[in-house]
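Please read the structure below before turning to the comments.
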Amino acid sequence: MALSPGESPGFLLWHATLRWQREVSSALTPLGLTHVQFVLLACAWWLNGQGEHPNQLALARQAGTDVKMTSQVLRALEQKGLVEREVDPADTRAKRLRVTAAGAELAPRAVAAVEEADARFFRTVPLDEAMPLLRRLARPEE
């Protein structure tokens with residue numbers, strides 16, 4: 001039996017995702033970041049804060065992004081002076097990522113802007129209801 005668009009979970013998720021992405025993009029535009037640039041910068045900043053200097057693959061895994069796309073976006077972040085790639089002393093073929101001082105100043109402001117956008121977007125759904133569903137959808141294998 002065919003569902004109408006308003007009864008299709010995938011179609012509704014598509015529309016919700018588009019609306020959420022618009023909210024986040026709008027919050028990040030004044031900071032000069034795209035959504036994916038924000039995700040990679042925030043993940044690298046968080047990992048650096050945990051004492052880790054991830055390589056590109058580790059950052060892509062943390063962020064849930066494609067490795068090739070991660071490389072392209074990291075180049076843009078590097079050109080903006082927000083991250084640096086340093087040769088890994090244990091493996092000279094690998095590059096470790098370090099957020100620069102400018103990146104470390106921008107990252108928490110961007111996180112705050114995105115958290116505000118998230119709060120606006122999710123305000124109609126209690127978080128104790130939304131979070132379990134989102135966790136199941138994000139990690140179905142768990």
Side-chain angles (χ1 to χ4, degrees), residues 3-142:
L3 298 175
S4 71
E7 296 170 337
S8 168
F11 191 70
L12 292 172
L13 181 60
W14 170 251
H15 279 272
T17 300
L18 290 174
R19 199 176 118 240
W20 173 73
Q21 287 175 336
R22 282 192 300 270
E23 291 272 343
V24 171
S25 292
S26 177
L28 291 170
T29 296
L31 300 174
L33 292 172
T34 67
H35 196 164
V36 72
Q37 287 173 349
F38 160 74
V39 170
L40 292 174
L41 176 63
C43 285
W45 174 70
W46 185 82
L47 288 167
N48 284 182
Q50 303 301 305
E52 297 179 39
H53 294 281
N55 61 25
Q56 180 178 301
L57 179 60
L59 183 64
R61 284 186 183 143
Q62 173 75 19
T65 53
D66 174 77
V67 177
K68 277 188 159 186
M69 185 264 302
T70 298
S71 177
Q72 293 168 348
V73 174
L74 284 172
R75 267 195 292 284
L77 291 173
E78 196 171 27
Q79 289 171 349
K80 291 181 177 197
L82 301 174
V83 298
E84 291 178 340
R85 299 184 214 205
E86 302 168 332
V87 175
D88 184 344
D91 180 359
T92 56
R93 296 169 297 166
K95 303 277 183 162
R96 296 285 173 189
L97 301 167
R98 187 180 62 76
V99 175
T100 64
E105 187 275 325
L106 180 60
R109 291 185 1 206
V111 168
V114 169
E115 285 178 350
E116 286 178 29
D118 282 352
R120 281 191 307 274
F121 181 82
F122 289 106
R123 73 180 175 272
T124 61
V125 180
L127 281 182
D128 63 339
E129 293 177 22
M131 291 305 290
L133 173 62
L134 293 170
R135 282 189 186 103
R136 284 195 313 270
L137 292 172
R139 297 182 201 98
E141 64 281 348
E142 290 180 9

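Nothing fancy with the numbering, it's 1 onward along the sequence. Hydrogens, waters and symmetry mates play no part in the numbers below; they use all other heavy atoms, side chains included.
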(Q) Please evaluate residues Arg19 and His15 with respect to the criterion side chain to side chain contact (heavy atoms under 4.5 Å, CB included), reporting the C-alpha separation (whole Å), side-chain torsions for both, the decisive distance (0.1 Å), and the verdict. (A) CA-CA 6 Å; Arg19 199 176 118 240; His15 279 272; over 6 Å; no

Q: Go through Val99 and Leu47 one step at a time and tell me if the side chain to side chain contact (heavy atoms under 4.5 Å, CB included) criterion holds.
A: CA-CA 10 Å; Val99 175; Leu47 288 167; over 6 Å; no

**Q.** Shortest non-hydrogen contact between Ala113 and Ala27, atoms and distance
**A.** O-CB, 3.7 Å

Q. What's the spacing between Gln21 CD and Leu28 CG if we round to 0.5 Å?
A. 11.5 Å

Q.
Going by ring-ring contact (aromatic ring centres under 6.0 Å, His included), name the pairs with one or both residues in residues 24-79, residues two or more places apart or in two chains.
A. Trp20-His35

Q. If you measure from CZ on Arg139 to CG on Leu134, what distance do you get to the nearest 0.5 Å?
A. 10.5 Å

Q) How close do Met69 and Thr65 get, heavy atom to heavy atom, and via which atoms? A) CE-CB, 3.6 Å

Q) Between the side chains of Arg75 and Ser71, is a donor N or O closer than 3.5 angstrom to an acceptor N or O? A) yes

(Q) Just verifying a value: how many Å separate Cys43 SG and Asn48 CG, rounded to the nearest 0.5 Å? (A) 11.0 Å

(Q) Whether the side chain of Arg109 engages the backbone of Leu106 through a donor-acceptor N/O pair (distance < 3.5 Å, no angle test) should be reported. (A) no

Q: State the CG-CG distance between Leu40 and Leu82, to the nearest 0.5 angstrom.
A: 11.5 Å

Q: Grab the two heavy atoms, one from Thr29 and one from Ser25, that are nearest each other, plus how far apart they are.
A: OG1-O, 2.8 Å

**Q.** Audit row: Asn55, Asp91, side chain to side chain contact (heavy atoms under 4.5 Å, CB included) steps and yes/no
**A.** CA-CA 11 Å; Asn55 61 25; Asp91 180 359; over 6 Å; no

Q: Taking the side chain as every heavy atom from C-beta outward, state whether Asp118 and Val24 have any pair of such atoms under 4.5 Å apart.
A: yes

(Q) Nearest 0.5 Å, please: how far is CD in Gln62 from CD in Gln50? (A) 9.5 Å

Q: Taking Thr17 for its side chain and Leu13 for its backbone only, find out whether a donor-acceptor pair lies under 3.5 Å.
A: yes

Q) Looking at Leu41 and Leu77, what are the two nearest heavy atoms and their distance? A) N-CD1, 4.0 Å

Q: Determine the minimum heavy-atom distance between Asp88 and Ala90, stating which atoms define it.
A: OD1-N, 2.9 Å

Q: Check whether any side-chain heavy atom of Leu97 sits under 4.5 Å from a side-chain heavy atom of Arg85, and report yes or no.
A: yes

Q) When rounded to the nearest 0.5 angstrom, what is the spacing between NZ in Lys95 and CG in Leu59? A) 15.5 Å

(Q) Is it the case that the side chain of Thr100 and the backbone of Gly81 share a donor-acceptor pair, with hydrogens and angles ignored and the cut-off at 3.5 Å? (A) yes

